[in-house]
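For this chain, numbers begin at 1 and follow the sequence in order.
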Amino acid sequence: MRIKRVFAIAGLLVSGWLSPAWAATEAEPTGAAFCVTCHDSDDLTDNSRSAHGFVADKRAPDCISCHGASEAHTYNPSKISPQPKPDVTFGKTFGKVSTVAADDRNRSCQNCHDKDQKRALWSGSTHENAGITCDTCHQVHVNKDKILNKKAQADTCYTCHKEQRTQLNKPSHHPVPEGKMTCSDCHNVHGSAGPKLVKRDSINDTCYTCHAEKRGPFVQQHDPVAEDCSTCHNSHGSTIAGMLKTRAPMLCQQCHTPHVSGNVGALGGQSGVYTLAPGQTLPQVTSLSSGKNVVNLWQGRSCMNCHTQVHGSNSPSSTNPLMR
């Protein structure tokens with residue numbers, strides 16, 4: 001017993017002497033390690049397996065890289081209540097929208113994400129001018145950002161683009177609702193030299209990435225096709241087959257003069273079509289005849305009964321050399 005008591009007293013003395021030394025050598029955590037002493041899994045979602053997971057990859061940015069040093073928030077020397085926010089906040093913080101300017105929030109992301117051609121045209125782009133920030137669409141404190149998922153990406157875009165949601169739910173549409181395509185297949189949301197933020201320099205070049213057979217060149221070129229596919233098509237969706245804006249023949253007649261116009265054609269009353277004109281032995285249109293006349297149009301048919309290759313053709317045409 002006496003020996004045990006001696007060892008116990010010696011242990012207390014030794015621990016009393018060494019404890020201050022141990023405390024002095026134990027460094028205070030810094031950076032992200034200090035942040036997680038307060039911000040743990042109870043108030044932050046797990047992002048350890050994402051590209052921003054500092055624990056998994058020490059090359060990744062940590063909390064300070066994005067939110068700034070935030071000394072007032074970290075140490076709160078003035079004991080302000082509620083505690084000051086970090087220098088840079090994103091999205092909704094504690095139920096309130098961030099008051100940090102959009103350019104400052106974007107700059108935190110662009111310190112790393114500004115090194116490739118996909119984001120080279122962000123400055124002055126449609127989304128930047130509209131005050132859109134990276135955190136408007138992207139989530140950082142998650143392992144899988146929803147907008148990077150092809151099947152879920154469109155839901156984020158629909159937050160602003162409600163008209164396109166309606167169009168893509170129409171019977172004839174690109175397979176975005178089915179998850180086979182997504183908005184970023186056609187659009188570069190970070191900036192583009194083309195209209196409507198399309199990925200290529202023009203709408204047609206963007207369409208040709210999938211519809212290469214429509215590119216041509218053709219001997220008989222249809223000028224509106226070469227100029228802009230959206231002249232006839234609504235690329236997000238339509239109630240008409242082929243995502244056409246209007247049914248034929250009305251679609252065609254927006255540019256082309258109907259055959260009935262100017263007293264030409266059967267319904268225009270042209271002499272010799274149904275009746276005999278001077279010098280005729282038979283009308284032009286009989287039960288056995290065929291050819292260019294408005295009967296085809298007004299019996300529920302359309303221009304495309306004859307003009308099947310509306311995107312362009314290499315077939316010779318003596319009567320319509322320019323397909324007009």
Side-chain angles (χ1 to χ4, degrees), residues 45 47 49-53 60-61 66 90-92 102-103 105-215 228-238 242-243 245:
T45 55
N47 70 331
R49 297 187 300 280
S50 73
H52 293 101
C66 301
F90 300 88
K92 291 185 177 180
D103 288 343
R105 290 150 68 185
N106 286 338
R107 194 174 299 112
S108 294
C109 302
Q110 290 172 329
N111 288 333
C112 296
H113 299 283
D114 196 19
K115 299 179 175 66
D116 58 53
Q117 61 180 1
K118 292 182 179 179
R119 283 164 280 272
L121 298 175
W122 171 257
S123 297
S125 67
T126 302
H127 280 147
E128 190 204 32
N129 289 334
I132 302 298
T133 60
C134 306
D135 57 298
T136 302
C137 304
H138 291 281
Q139 296 174 295
V140 175
H141 289 283
V142 292
N143 283 316
K144 293 183 179 180
D145 188 357
K146 181 179 178 181
I147 203 168
L148 300 181
N149 184 330
K150 178 173 284 193
K151 293 184 177 180
Q153 183 186 108
D155 288 336
T156 302
C157 301
Y158 292 155
T159 304
C160 298
H161 301 283
K162 294 178 173 58
E163 180 182 356
Q164 282 67 33
R165 180 204 293 269
T166 302
Q167 292 170 343
L168 282 162
N169 282 320
K170 291 182 177 180
S172 180
H173 58 260
H174 274 120
V176 174
E178 292 79 10
K180 296 180 180 179
M181 283 184 64
T182 191
C183 306
S184 60
D185 287 336
C186 300
H187 300 279
N188 184 351
V189 298
H190 299 105
S192 167
K196 306 293 184 181
L197 292 178
V198 292
K199 296 179 76 170
R200 304 291 182 177
D201 291 342
S202 69
I203 290 177
N204 278 25
D205 286 342
T206 303
C207 298
Y208 292 153
T209 56
C210 293
H211 304 281
E213 74 282 3
K214 306 297 191 297
R215 181 189 294 272
D228 188 349
C229 302
S230 63
T231 301
C232 299
H233 298 279
N234 187 329
S235 57
H236 293 102
S238 168
M243 293 189 290
K245 289 185 172 181

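- Of all heavy-atom pairs spanning Gln167 and His236, the tightest one is OE1-CB, 3.3 Å.
- Heavy atoms only, all atoms of each residue included: Met243 and Ser172 are closest at N-OG, 3.0 Å.
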Determine, step by step, whether Ser184 and Gln153 satisfy the side-chain contact (heavy atoms from CB on, under 4.5 Å) criterion, reporting the C-alpha distance in whole Å, the side-chain angles of both residues, the deciding distance to 0.1 Å, and the verdict.
-> CA-CA 8 Å; Ser184 60; Gln153 183 186 108; 3.2 Å; yes
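- Scanning both residues, Thr206 and Thr209, for their nearest heavy atoms gives O-OG1, 2.5 Å.
- Ser192 places none of its side-chain heavy atoms less than 4.5 Å from the side chain of Lys199.
- Between atom OG of residue Ser235 and atom NZ of residue Lys245 there is a gap of 8.5 Å, rounded to the nearest 0.5 Å.
- Taken from SG in Cys229 to OH in Tyr208, the straight-line distance is 5.0 Å, to the nearest 0.5 Å.
- Taken from CG in Asp135 to SG in Cys109, the straight-line distance is 6.5 Å, to the nearest 0.5 Å.
- Note that the OG1 atom of Thr156 and the CG atom of Asp145 stand 7.5 Å from one another [nearest 0.5 Å].
- Under 3.5 Å, the side chains of Ser202 and Asn204 contain no donor-acceptor pair of N or O atoms.
- Annotation for Cys137 and Ile147: closest pair CB-CD1, 3.6 Å, computed over non-hydrogen atoms.
- Using a 30° and 60° split on the angle between ring planes, Trp122 and His127 fall in the tilted class, from 30° to 60°.
- Counting all heavy atoms, side chain and backbone alike, Thr182 lies closest to Lys150 at OG1-O, 3.4 Å.
- Within the 4.5 Å cutoff, no side-chain heavy atoms of Cys183 are placed close to those of Val189.
- Among all heavy-atom pairs drawn from Val176 and Ala154, the shortest one is CG1-CB, 3.9 Å.
- A distance of 9.5 Å separates CZ of Arg119 from CD of Gln110, quoted to the nearest 0.5 Å.
- For the residue pair Glu178 and His173, a side-chain donor N or O sits within less than 3.5 Å of a side-chain acceptor on the partner.
- To the nearest 0.5 Å, atom CE of residue Met181 and atom CG of residue Leu168 are 9.0 Å apart.
- By the neighbour-count criterion of 12 heavy atoms within 6.0 Å, atom NZ of Lys118 is sparsely surrounded, having that number or fewer from other residues, nucleotides or ligands.
- Within a 6.0 Å sphere centred on NZ of Lys170, other residues, nucleotides and ligands contribute more than 12 heavy atoms.
- Taking the six-membered ring where the residue is Trp, His190 and His138 present parallel rings, their angle staying beneath 30° rather than reaching 60°.
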task = Take Asn106 and Cys134, measure what side-chain contact (heavy atoms from CB on, under 4.5 Å) needs, and give me the verdict at the end.
result = CA-CA 6 Å; Asn106 286 338; Cys134 306; 3.3 Å; yes
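- Thr136 and Thr133 are linked by a side-chain donor-acceptor pair at a separation below 3.5 angstrom, with hydrogens and angles left out of the test.
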